[in-house]
Peer 1: 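The structure is given below, and queries will be raised subsequently.
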Amino acid sequence: MNTKFESDPSLLDAAVEVMRFAVDRCEADAAALARLDTPEALELAQERLQMAKKADALLFFFAKQ
């Protein structure tokens, strides 16, 4: 995978941009769901926060490349 990024650095930039968007979107979704204040919405909000954490970890990985 690193050789692809080395041969085309714009791929790395695109990957970082996508991960930032994913983190922002998951966090925004979680906040909106939490405001609904129902058990189902709160469960989904937690799932979105977990997705945000995973996307953030990927962002950290790509940013180090």
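Computed from a predicted structure; not experimentally measured. Numbers for residues simply follow the sequence, beginning at 1.
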Peer 1: Test question: given the 4.5 Å side-chain rule for I, L, V, M, F, W and Y, name all other residues clustered with Leu42, or answer none.
Peer 2: none
Peer 1: Going only through I, L, V, M, F, W and Y residues with side-chain contacts under 4.5 Å, is there a path from Leu12 to Leu58?
Peer 2: yes
Peer 1: Considering residues at least two apart in sequence or located in another chain, which fulfil the side chain to side chain contact (heavy atoms under 4.5 Å, CB included) criterion with Ala57?
Peer 2: none
Peer 1: Starting from Phe61, can I reach Val18 by hopping between I/L/V/M/F/W/Y residues whose side chains sit under 4.5 Å apart?
Peer 2: yes
Peer 1: Answer yes or no: does atom CD of Glu47 have more than 12 heavy-atom neighbours from other residues, nucleotides or ligands under 6.0 Å?
Peer 2: yes
Peer 1: Identify, with sequence neighbours excluded, every residue that meets side chain to side chain contact (heavy atoms under 4.5 Å, CB included) alongside Leu33.
Peer 2: Leu36, Ala41, Leu44, Ala45, Arg48
Peer 1: How close do Val23 and Ala52 get, heavy atom to heavy atom, and via which atoms?
Peer 2: CG2-O, 3.8 Å
Peer 1: What pairs of residues pass the side-chain hydrogen bond (donor to acceptor under 3.5 Å, both in side chains) test when at least one of them lies in residues 23-41, not counting sequence neighbours?
Peer 2: Arg25-Asp29
Peer 1: Could you give the distance from NZ (Lys54) to SG (Cys26), rounded to the nearest 0.5 Å?
Peer 2: 10.5 Å
